[in-house]
Structure formats: structure tokens, C-alpha cells
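This is a predicted model, so every value here is computed, not measured.
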Amino acid sequence: EVKVKSSWAGMYEYNTVDQNAIIDFHPELSNVLMINGFSGHGLQQSPSAGRAGAELLSQHGFKSLDLSIFSFDRLIDGKPVFEE
């Protein structure tokens, strides 16, 4: 007989292209800043993502951390970012 010892259920939110975050303005909606797709890593990455978003809004670019690898353009250009 097999019995369940543990289980987990929840929403796993990420983009389906490369399963990484998006930190960028939407390419067609210039007043929409997207900071999403972190799934289970959101709590870990939220301080740097928040800073990146603030820099994009106030300084029109990344200043303290270059997070351009998470741009929306990588999805449009077909250049996904995969962890090694």
C-alpha cells in the first residue's frame, strides 16, 4: 500500500519562454512597467527588482545593478535566458 507523506499546492507564476523574470517597460504600452515572473524566487529577488524598477522610473535605466538581461526584448527577439 502506498500512502502520501506530504504534498504541496500553489500557483507557480513564470513566463513560459525561459521561466525568468521580466523587468522592463512593455514594448507597446510605454507607461506600463513590468516586474513579474519570479515564481518561488520573488521574496528573494524583490529587493533588487524593486530597486531596478525605481531606477527605471526615476533615472530611465539601471544604475546600481544591470538587470537588462531580464528585458522584455529578449522574448520578442527569441533570445531566452536559461540558468546554467
List the atom pairs, with distances to 0.1 Å, where a side-chain N or O of residues 60-67 and a protein N or O form a donor-acceptor pair under 3.5 Å, not counting sequence neighbours.
residue: Ser64; atom: OG; partner: Glu55; partner atom: OE2; Å: 2.6
residue: Asp66; atom: OD1; partner: Ser68; partner atom: N; Å: 3.0
residue: Asp66; atom: OD1; partner: Ser68; partner atom: OG; Å: 2.7

What side-chain donor-acceptor pairs closer than 3.5 Å can you find for residues 24-36, not counting sequence neighbours?
residue: Asp24; atom: OD2; partner: Phe72; partner atom: N; Å: 3.0
residue: His26; atom: ND1; partner: Glu28; partner atom: N; Å: 3.0
residue: His26; atom: ND1; partner: Leu29; partner atom: N; Å: 3.3

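A salt bridge (charged side-chain N to carboxylate O under 4.0 Å, His left out) check over residues 70-82, counting only residues at least two apart or in different chains, returns the pairs Asp18-Arg74.
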Checking Ile69 against Asn20 for the side chain to side chain contact (heavy atoms under 4.5 Å, CB included) test, could you report, in this order, the C-alpha distance in whole Å, the side-chain angles of both residues, the deciding distance, and whether it holds? CA-CA 10 Å; Ile69 194 169; Asn20 277 306; over 6 Å; no

For a side chain to side chain contact (heavy atoms under 4.5 Å, CB included) check, start with the C-alpha distance between Ile22 and Tyr14, then their side-chain angles and the critical distance, and finish with the verdict. CA-CA 9 Å; Ile22 299 170; Tyr14 59 84; over 6 Å; no

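A distance of 14.5 Å separates CD in Gln19 from CZ in Phe38, rounded to the nearest 0.5 Å.
When the side chains of ILVMFWY residues are joined at heavy-atom separations under 4.5 Å, either directly or via intervening members, Phe82 and Ile76 end up in two distinct hydrophobic clusters.
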